[in-house]
There are 2 protein chains.
Amino acid sequence: MDGATAGPGLAEPFAALLDQYRFPAGYRRMLLAAVDAFAEHGFHGTTTRDIAARAGMSPAALYAHFSSKEELLHTIMSSALDLTAGMVSAEASRQVSAPGRLKAVVTALSAWQGYHFPVSRVVLYQLNALSAEHLAEVAGKMRVIDQTFRAIIADGVSAGDFTVADVRATATATLSLCLDVARWYYPGYRRTPQEIGEMNARAALRIVGVPEPPT
Amino acid sequence: MDGATAGPGLAEPFAALLDQYRFPAGYRRMLLAAVDAFAEHGFHGTTTRDIAARAGMSPAALYAHFSSKEELLHTIMSSALDLTAGMVSAEASRQVSAPGRLKAVVTALSAWQGYHFPVSRVVLYQLNALSAEHLAEVAGKMRVIDQTFRAIIADGVSAGDFTVADVRATATATLSLCLDVARWYYPGYRRTPQEIGEMNARAALRIVGVPEPPT
DNA sequence: GTCTATACAGGGATAGAC
DNA sequence: GTCTATCCCTGTATAGAC
């Protein structure tokens, strides 16, 4: 339980994205400290004292901003998923062809999972620490991303670009490529998140039966 | 924290595999109860009282078999990984060609991750609850599986069967397909673990540039 | 909105009988 | 090897001052 006191932390790239929310300073410090702590030790393995110490504040300061540790977790997941889903939707609409859209979303989401691996780990692996209500809400946000993948693959099949036996299963497989990056990626890995994204896009296109990527 | 008292639990398929270890009855019940509890709530979210209740024993009975909760976790991971790595090696040696071996290991490992999803979740997502020594040992066992995948892909490239840009990255991608099954699979899913394995094998072969699976 | 101090429940582990 | 009883620390959350 070392935990760097204050300082940026591994969630620094995520911090930049939070700017658009205009959160109060203390609230924001606490939130980012919690992302790093939850990613390292999990929700139940993290104490409110640890979060507060990383944020450079007293344990009680947490409750000026959040009613409970669980609400803090929910805020992290909810904002992270809004940003992720928005990014995926934006990437999907930057191209028209199904191969172009699949390449764009797999590249971007894979890179995102590496670049933002602390918060992505929290989102993927701390779901069952949420209350039933919060879990249902968060699961709904995740479903939006899944449906984007399904729609792209279904379109590619309709257009005759893709050859797949099962649209839903293929969406799951291509999503697995992207999401699993958050599990194994670590800073200093020999490839950048962007490079990982490009290789995964190539793999995803092969999975749907497109041997060479579109330009 | 409901938790079915005693009874088989979702780790029942794993229980059958443990027979070869000839563990004492109480030890075995405690171990299986812990698999279900850790898979549901995580290591830190599980109490020794919860484990004992699921096993139908008193909290103190745990310490007749394990010196600590962490040692119990380590025992689960270590035995599960031995069984998994053994299964993967056996599948890899049942075929001679690289395409045949890749198909065999991806099918078997994907099905395994679905069939044994509780223990697989514990192995994949509770690693940082281990002591440094235990983590190093467990990571070594995981590396064996990764190297099996790398060897198959390298062989396929050498033999001219596969066309990949990066052997290690391709091993990671095909492994992601298999391992991520443990994250999203749930009992009652519309496809059986075996069917998931077969679809993932098809996807993995496409990733390495084999358009149609070998028979 | 931040602090110090603290209430109070919960959890890992042990003692000692059977 | 299993039980009952319990120790004692840790952790979430609150009270109340500034």
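Order of the sequence lines fixes the chain letters, A, B, ..., with proteins taken first and strands second; residue numbering starts at 1 for each chain.
Look at His44(A) and you won't find any side-chain N or O under 4.0 angstrom from OP1 or OP2 of dG11(C).
Distance from the side chain of His65(B) is smallest to dG1(D) among dT2(C), dG1(D), dC3(D).
Residue Thr47(A) is classed as a sugar-phosphate contact, given heavy-atom separations below 4.0 Å to backbone atoms only. Ala61(B) comes within 4.0 angstrom of sugar-phosphate atoms only, judged by non-hydrogen atoms across all strands, and of no base.
Under the 6.0 Å cut-off for aromatic ring centres, His134(A) and His74(A) qualify, their centroids lying closer than that. Here Tyr115(A) and Phe14(A) keep their ring centres 6.0 angstrom or further from each other.
Across the protein-nucleic acid pair, Tyr27(A) atom OH and dG1(C) atom C1' stand 15 Å apart, rounded to whole Å. Look at CZ on Phe38(A): it is 14 Å from P on dG11(D), rounded to the nearest Å. Atom CE in Met57(B) sits roughly 9 Å away from atom C1' in dG1(D) (whole-Å rounding). Separating the CD atom of Glu71(B) from the C1' atom of dG12(C) is a distance of 14 Å, rounded to the nearest angstrom. Here the P atom of nucleotide dT12(D) and the CD1 atom of Ile51(A) are 7 Å apart, to the nearest Å. Between His41(A) atom NE2 and dT10(D) atom P the separation is 16 Å, expressed in whole Å.
To the nearest 0.5 Å, atoms SG (Cys178(A)) and CH2 (Trp112(A)) are separated by 13.0 Å. The distance from the CD1 atom of Ile145(A) to the CE atom of Met87(A) is 7.5 Å, given to the nearest 0.5 Å.
Non-hydrogen atoms lying under 4.0 Å from DNA chain D are contributed by nothing in residues 129-137 of chain B.
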Exercise. Nucleotide by nucleotide, 5' to 3', does protein get under 4.0 Å of the base (B), only the sugar-phosphate (S), or neither (-) in nucleotides 13-18 of chain D, counting heavy atoms?
Worked result: BBB---
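Taking the six-membered ring where the residue is Trp, Tyr27(B) and Phe23(B) present tilted rings, their angle falling between 30° and 60°.
Looking at every heavy atom in both residues, Thr148(A) comes nearest to Val88(A) through CG2-CG1, 3.9 Å.
Looking only at distances, a side-chain donor or acceptor of Asp36(A) sits under 3.5 Å from a matching main-chain atom of Leu10(A).
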